[in-house]
Trainee: 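What follows is a single structure, and I will ask about it in a moment.
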Protein chains: 2
Amino acid sequence: MVRDKEATKSKLLDAALAEFAAHGIAGARVDRIAAKAGCNKAMIYAYFGSKEELFDEVLKIQISLVHEATPLTPDDLPGFAGRLYDTYARQPELLRLAGYHRLESGFEEISKAEAEAHALKVAAIEEAQRDGRVPADFGAEELLNLVVHMSILAFSTPIASRDLVVRSVEKLVS
Amino acid sequence: MVRDKEATKSKLLDAALAEFAAHGIAGARVDRIAAKAGCNKAMIYAYFGSKEELFDEVLKIQISLVHEATPLTPDDLPGFAGRLYDTYARQPELLRLAGYHRLESGFEEISKAEAEAHALKVAAIEEAQRDGRVPADFGAEELLNLVVHMSILAFSTPIASRDLVVRSVEKLVS
DNA sequence: TCTTGTCAACTAACCGGTTGGTTGCCAAGG
DNA sequence: CCTTGGCAACCAACCGGTTAGTTGACAAGA
């Protein structure tokens, strides 16, 4: 047997991602996560403290992955929406995780890091609006939320497509 | 004690609405529903069959309430979006219920009645597009989904407002 | 030997669902 | 009008199985 703390944590996080995405927080089973990771349930409590803390860790990782994979391009918001769509399509667990988080935990309990990243993006859009590169008939924060939620829309209804997302944002910033 | 089947079912449905909206399907507790309704747990199984069937019944009722309260006005989609927003604001449990349903049950398990109502609305928008009363740069079904999800957006982020919903739809159909 | 990652076994609480029996309602018979 | 018997509505207690979380012993590496 190999004893590798980091490898065990990583396998636990992978298994937890699948379990939480499939069943949510209340529906997830700690035993299933341990079994899927090929290790014992006690490791979860040793490394992460509790089921909820494990969930938070998993969600945090997924969110930072999305942020890394999809930098904001204020001058090309339709393209940004399209790339966000691609990221979500490649990483389908995140939207389920985030959905469960929003429903099961309080509406807004965003981490400091996320609030900061959000503020940075709003500032970038504001600047683009000042320079006239982006129309100013929506506020910068409004616009960011609009674009983000537009790209999510495609995963909330069966008929929506990447093309629809891009075209909608094009119209919104026209 | 009053013995009234319909009254008991109604109290059970009310209690279940609150419980499911608060905790989802997996997180809801049958005992809590019975306690809140002031009757015995066995009644749930006598009248509704199971926890899941009770959830389905509650969701069905809420959806039909929304449909009744908010008829589609194809010639005034921004107004429709605003009125949909108002309905959701007045009936905050539905969006939580629908969210849990989408996550916990399969993506696709819409009822026949709902699919029918959807098709009717799509047809109404198509007609308005043929008459030139609504721009045709989006398909009718795309447009309906866009408008519906726009009105939901306002409840997914803290900063969105009714005004933003209406303005966004205005821009989309301009 | 001593530290530390690992796990089987355990527990106490909980959960969805069932059951056997009780109670209020109402209508038919007297 | 008053019994009374049948039945629908109701409930306390229970059941088998499951759950998150704990712990004491062991084994691997230093």
Trainee: Output the rounded distance in Å from CG (A:Leu12) to P (C:dC7).
Mentor: 10 Å
Trainee: Scan A:Ala7 against the nucleic acid and name what it touches under 4.0 Å (heavy atoms): base, sugar-phosphate only, or nothing.
Mentor: nothing
Trainee: Rounded to the Å, how far apart are B:Lys51 NZ and C:dC15 P?
Mentor: 9 Å
Trainee: What is the distance, to the nearest angstrom, from the OH atom on A:Tyr47 to the P atom on D:dG21?
Mentor: 18 Å
Trainee: Tell me: CZ of B:Arg3 to P of C:dT22, nearest whole Å?
Mentor: 13 Å
Trainee: Which residues in residues 29-45 of chain A have at least one heavy atom lying under 4.0 Å from any atom of DNA chain C?
Mentor: A:Cys39, A:Asn40, A:Ala42, A:Met43
Trainee: Scan side-chain atoms only and decide if B:Glu141 and B:His118 contain a donor-acceptor pair under the 3.5 Å cut-off.
Mentor: yes
Trainee: CD1 of A:Ile25 versus P of D:dG21: gap in Å, rounded?
Mentor: 12 Å
Trainee: Counting only heavy atoms not in B:Lys11, do more than 12 sit closer than 6.0 Å to its NZ atom?
Mentor: no
Trainee: Taking ring-ring contact (aromatic ring centres under 6.0 Å, His included) as the cut-off, I'd like each qualifying pair that reaches into residues 32-52 of chain A, sequence neighbours left out, listed once.
Mentor: none
Trainee: In sequence, state the C-alpha distance, the side-chain angles, and the governing distance for A:Phe138 and B:Lys171, and then conclude on side-chain contact (heavy atoms from CB on, under 4.5 Å).
Mentor: CA-CA 10 Å; A:Phe138 292 107; B:Lys171 184 114 191 187; 4.1 Å; yes
Trainee: Taking only distance into account, with no hydrogens and no angle test, what donor-acceptor pairs under 3.5 Å do side-chain atoms of residues 55-69 of chain A form with protein atoms, sequence neighbours excluded?
Mentor:
unit_1, atom_1, unit_2, atom_2, d
A:Gln62, OE1, A:Gln91, NE2, 2.8
A:Ser64, OG, A:Ile61, O, 2.9
A:His67, ND1, A:Ile63, O, 3.3

Trainee: Please tell me if A:Thr8 has a side-chain N or O lying less than 4.0 Å from either OP1 or OP2 of C:dT6.
Mentor: yes
Trainee: Keeping A:Arg96 on the side-chain end and B:Leu103 on the backbone end, is there a donor-acceptor pair under 3.5 Å?
Mentor: yes
Trainee: For B:Phe55 and C:dG16, give me the distance from atom CZ to atom C1', rounded to whole Å.
Mentor: 17 Å
